[in-house]
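Below you'll find the structure, written out as structure tokens, and then a few comments.
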Amino acid sequence: MMSRTMTEARLPRRVDATKLVENNQQLNANIDTKLLTRIVDATECADVPVEVQLEFRRDEENNRTVIGNCRTHVIMVCQRCLGTVGFDISSQFNIGLVFSDEQAKHLPKRLEPVEMDENGQLDLWEVVEDEILLNLPEFPMHPEGECRMYKSESDNEPEADVKKENPFDVLAKLKQKQ
Ligand SMILES: [Zn+2]
């Protein structure tokens, strides 16, 4: 039987976050990116699974926290040449779990507030999807040396586009005028 590593596991969507915090639970798992529709809509192609590592725990001030990171690879459309360009997207986050806006206001600045429902349930896919979306480039573009548009601009020197008049033609025209 093949050994199944933790990173091959699917990340559960809805979890009891309060319970995971009390258990100091760690999760290493993937999400099928095709199921994250906001990422699918925001990109040209997103078929590399999002790898997610999460650790649920109380911090020293007794806040419920999720410390984690996620990463994936997406294909977007270059805003300069309209060709496709790939990006490695990753995010690290320190989340403070809260039940209300009021509780969120009291979190220390180092924690990004995320609201659970009244039963302590949390949609982990939504959390990860938000993190990836926040890290997508606003204006996706190839690096300058790799962009088709950039290359065609530098290959065609401006002078090359201007038709140089053949000096003999110029002479011919002058003769015609005489
Ligand atoms: Zn480009």
Side-chain angles (χ1 to χ4, degrees), residues 2 4-15 17 26-56 65-98 101 104 107-116 122-170:
M2 262 175 53
R4 186 178 165 84
T5 64
M6 284 300 284
T7 49
E8 286 168 354
R10 283 278 295 276
L11 189 76
R13 180 164 197 169
R14 289 195 74 77
V15 295
Q26 295 186 26
L27 297 174
N28 291 330
N30 291 351
I31 307 176
D32 182 350
T33 314
K34 289 192 284 294
L35 301 174
L36 303 177
T37 53
R38 286 182 297 151
I39 294 176
V40 170
D41 288 347
T43 60
E44 189 68 8
C45 178
D47 58 6
V48 176
V50 187
E51 287 177 35
V52 187
Q53 294 186 312
L54 301 174
E55 183 185 354
F56 294 78
T65 66
V66 188
I67 311 302
N69 64 77
C70 58
R71 60 178 188 158
T72 186
H73 184 87
V74 299
I75 308 288
M76 298 181 81
V77 172
C78 172
Q79 298 303 292
R80 191 156 40 199
C81 72
L82 302 182
T84 54
V85 52
F87 294 97
D88 290 322
I89 309 292
S90 64
S91 175
Q92 294 196 325
F93 42 89
N94 298 316
I95 287 169
L97 296 170
V98 294
D101 288 348
L107 278 179
K109 288 265 184 291
R110 65 193 152 78
L111 295 175
E112 173 194 341
V114 168
E115 207 169 317
M116 304 172 280
L122 182 66
D123 186 330
L124 286 181
W125 290 14
E126 199 174 296
V127 170
V128 170
E129 190 169 31
D130 285 345
E131 292 295 334
I132 295 293
L133 286 170
L134 280 172
N135 284 281
L136 291 181
E138 201 173 347
F139 298 103
M141 280 194 281
H142 290 106
E144 289 198 340
E146 292 166 30
C147 187
R148 202 172 46 188
M149 194 60 77
Y150 186 82
K151 272 183 191 156
S152 67
E153 272 170 16
S154 59
D155 287 349
N156 297 327
E157 296 294 316
E159 303 95 289
D161 287 330
V162 180
K163 272 187 187 167
K164 280 189 179 148
E165 276 191 288
N166 182 324
F168 295 105
D169 289 346
V170 176

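Along the sequence shown, residues carry numbers from 1. Just so it is clear, the model here is predicted, and its values are computed rather than measured. For ligands, and for the atoms within them, numbers begin at 1 and follow the listed sequence.
The heavy-atom pair separating Pro143 from Arg80 by the smallest distance is C-NH2, 4.2 Å.
Residues satisfying the side chain to side chain contact (heavy atoms under 4.5 Å, CB included) criterion with Asp32, sequence neighbours excluded, are Lys34, Leu35.
Near the Zn ion (ligand 1), less than 2.8 Å away, sit the protein N, O or S atoms Cys78 SG, Cys81 SG, His142 ND1, Cys147 SG.
With Glu129 contributing its side chain and Arg38 its backbone, the two residues share a donor-acceptor pair below 3.5 Å. At distances below 3.5 Å, not a single donor-acceptor pair connects side-chain atoms of Ser91 with backbone N or O atoms of Cys70. His142 places a side-chain N or O within 3.5 Å of a backbone atom of Thr84 that can act as its donor or acceptor partner.
Considering only heavy atoms from C-beta on, Val52 stays 4.5 Å or farther from Leu27 through its side chain.
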